[in-house]
Amino acid sequence: MDVLIVGAGLSGIGAAYHLQARSPDHTYAILEGREALGGTWDLFRYPGIRSDSDMYTLGYRFRPWTEDKAIADGASILRYIRDTAREHGIDHHIRYRHRVVAAAWSSEDAVWSVTIERGADCEQVTMTCSFLFMCAGYYDYARGHAPDFAGAERFGGRIVHPQFWPDDLDHSGKRVVVIGSGATAVTLVPEMAKTAAHVTMLQRSPTYIVARPSQDAVGNWLRRYLPAKLAYALARGKNVTLGQFFYSQMRRYPGLAKRRLIGWVRDRLGPDYDVDRHFTPRYNPWDQRLCLVPDADLFEAISAGRASVVTDGIDRFTAGGIRLSSGEEIAADVVVTATGLELQLLGGMTLTVDGTPADPARSLAYKGMMLSDIPNLALSFGYTNASWTLKADLTAEYVCRLLNTMKARGVRQATPRVTDPDVRAEAFLDFTSGYVRRAAAILPKQGSKAPWRLHQNYWKDLLTLRFGSVDDGMEFSNPAPAAGRHAA
Ligand SMILES: Cc1cc2nc3c(=O)[nH]c(=O)nc-3n(C[C@H](O)[C@H](O)[C@H](O)COP(=O)(O)OP(=O)(O)OC[C@H]3O[C@@H](n4cnc5c(N)ncnc54)[C@H](O)[C@@H]3O)c2cc1C
């Protein structure tokens, strides 16, 4: 194959679309470790699973989102990805149960040899490609982050992790404790509270939570009067711009932003609620990802008494629930450990370049999508302050530009190289979240200057990636052998 795409999630299906549209003379296949496409949106099955960014920006640039709800449930997002794959004939290119475990680059042959575990017996097979496009997401599918809680083995109820939701769990009428305060916890709490006896969100420390309507009134209005593609493009532009504006204002004026965000929670929960304790984070807005609750569902569940928040440490599990650091005990029949993901890069595979192991953590990220000194490999890694797909789309477009340039110039190798001695290595993500700190050792670094700097800004990236030079920091080498030599 010219290109092997690893992963058939939102990014992998989008990457295939762009390849077909922009580099149609390149052959490709998608290798997918699981037996289904959709990635995140197929794996996660917990009650209420939904996006926390709007579908006008989480959707692909090339395929309008046409449903009323902009904050969409997991099943609708999965359907959208599946429909995209089917309508563009991408599904025929997917090889399921092909888990990539290693890739070795040979400059002599200008190919990646990719080692794959195929099928239920993990039979080892090898495929080769000229370019490897990693769309394997950013976390480990086999395990979630699960801290060891003392006494968990003595607990008489059920403990579940949202990444592995059991089909047979009926929580109606039960006392539920959800450990965590991130996007998953704030999704689960109001949803489970609809039928549970009571749901307690148990958090060590608070998160910024902001309520937003699940429907985008402007987006829906535009859809009523304009052709779908135009309405989508306008709503998408509006949401990217507003998102970027609010993000930059919050970073510039953190004190004001903090007061506003907490003020809105106070307005929802009333003057008697202890907002200082449960909804006032110790960090500034966007030091960690903001959590969105559609139609204020979390606050409504709390106001109605169906859910409550406890901010405390966990001392240990007991037979009947959880004992807190304060000595108090919460009775529980079901405990959900919404304690997060285990970050993983490149789908957990190992890399070698001309026989030498290559550690991505020692590389600088090039334009947030390639790695210094590692040829012909790109990875799709979305924004942390905006929808993932915005960057995934731009990355795929850029990869096509790169492939087309290589073909036009008759070279077989494109390697990002740091030639400027003044480029300093910095952390890849400037988040203080636990999962980002835990992953610092496996993530590449970003550089202090372009093209090694991560902008986390869609409009800047759009200019650079769609229209900017493909030569900056890129070494094109390894010309294709002349036809005569090749034949000989
Ligand atoms: C619960 C949840 C909610 C989220 N909500 C949002 C949101 O609202 N907005 C947002 O922007 N982002 C959100 N995200 C981030 C989300 O993961 C991305 O938006 C997006 O789904 C990522 O798509 P992806 O295709 O890059 O990765 P994934 O969806 O993770 O798909 C990766 C695919 O690669 C496959 N794969 C991995 N390793 C290998 C391997 N070695 N060999 C073969 N195949 C492999 C996997 O099986 C999977 O199918 C959310 C994440 C989670 C977990």
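Each ligand, and each atom within it, is numbered from 1 in the order the structure gives.
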Hey, which atoms in ligand 1 end up nearer than 4.0 Å to a heavy atom of [X]?
| X | value |
| --- | --- |
| Glu32 | 33 (C), 34 (O), 35 (C), 43 (C), 44 (N), 46 (C), 47 (O), 48 (C), 49 (O) |
| Cys135 | 32 (C), 33 (C), 34 (O) |
| Gly7 | 33 (C), 34 (O), 35 (C) |
| Leu31 | 43 (C), 44 (N) |
| Ser51 | 8 (O) |
| Arg99 | 42 (N), 43 (C) |
| Val6 | 40 (C), 42 (N), 43 (C), 44 (N) |
| Gly39 | 29 (O), 31 (O), 48 (C), 49 (O) |

Please check if any side-chain donor atom of [X] sits under 3.5 Å from a side-chain acceptor atom of [Y], or the reverse.
| X | Y | answer |
| --- | --- | --- |
| Ser53 | Ser387 | yes |
| Thr339 | His145 | no |
| Thr464 | Tyr398 | no |

Is [X] in polar range of ligand 1, meaning some N or O pair under 3.5 Å apart?
| X | answer |
| --- | --- |
| Gly33 | yes |
| Arg50 | no |
| Leu341 | no |
| Ser380 | no |
| Phe44 | no |
| Arg34 | no |
| Gly347 | yes |
| Trp41 | yes |
| Thr184 | no |
| Ser53 | yes |

**Report entry** Side-chain heavy atoms of Asp73 within contact of Trp41, under 4.5 Å
**Finding:**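 SC-SC contact between Asp73 and Trp41 ruled out.
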Query raised in the report: Side-chain contact, heavy-atom cut-off 4.5 Å: Asn385 with Gln244?
Result: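 Answer yes - side chains close enough.
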Inter-residue atom distance [X].[atom1] - [Y].[atom2], 0.5 Å rounding:
| X | Y | atom1 | atom2 | result |
| --- | --- | --- | --- | --- |
| Phe131 | Leu19 | CZ | CG | 9.5 Å |
| Leu377 | Met370 | CG | CE | 7.0 Å |
| Asn376 | Leu402 | CG | CG | 7.5 Å |
| Phe279 | Cys291 | CZ | SG | 10.5 Å |
| Leu269 | Leu298 | CG | CG | 8.0 Å |
| Arg212 | Ile71 | CZ | CD1 | 5.0 Å |

Query raised in the report: Is the ring centre of Tyr283 less than 6.0 Å from the ring centre of Tyr208?
Result: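 For Tyr283 and Tyr208, the ring centres are under 6.0 Å apart.
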**Report entry** Test of ring centre spacing under 6.0 Å for Phe62 and Tyr17
**Finding:**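 So the answer is yes for these two rings.
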Quick one: look up the protein heavy atom nearest [atom] and list residue, atom name and how far away it is.
| atom | result |
| --- | --- |
| atom 25 (O) of ligand 1 | Ser11 N, 2.9 Å |
| atom 2 (C) of ligand 1 | Thr40 CG2, 3.9 Å |
| atom 42 (N) of ligand 1 | Val100 N, 2.9 Å |
| atom 19 (O) of ligand 1 | Trp388 CB, 3.3 Å |
| atom 27 (O) of ligand 1 | Gly137 CA, 3.3 Å |
| atom 7 (C) of ligand 1 | Asp52 OD1, 3.2 Å |

Requested in this report: Provide the closest heavy-atom pair for Leu465 versus Arg401 in the form atom of the first, atom of the second, distance.
Outcome: O-NH1, 2.7 Å
Query raised in the report: Does ligand 1 have a heavy atom under 4.0 Å from the side chain of Met349, from its backbone, from both, or from neither?
Result: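 Within the 4.0 Å criterion, Met349 makes no contact with ligand 1.
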Report task. Give a yes/no on ligand 1: does Gln344 have at least one heavy atom closer than 4.0 angstrom to it? Result ->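 The answer is no: ligand 1 sits nowhere under 4.0 Å from a heavy atom of Gln344.
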Report task. Keeping the roles fixed (side chain from Asp121, backbone from Glu123), state whether a donor-acceptor pair exists under 3.5 Å. Result ->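 Here the side-chain-to-backbone pair does not exist.
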Query raised in the report: Nearest non-hydrogen atom to atom 30 (O) of ligand 1 belongs to which of Tyr139, Phe381, Tyr141?
Result: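 The residue whose heavy atom sits nearest atom 30 (O) of ligand 1 is Tyr141.
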Query raised in the report: Evaluating non-hydrogen atoms only, which member of Tyr138, Tyr46, Tyr96 is closest to atom 14 (N) of ligand 1?
Result: Tyr138
Report summary line: Which of Arg63, Arg236, Arg22, Arg61 passes salt bridge (charged side-chain N to carboxylate O under 4.0 Å, His left out) with Asp393? Answer is Arg236
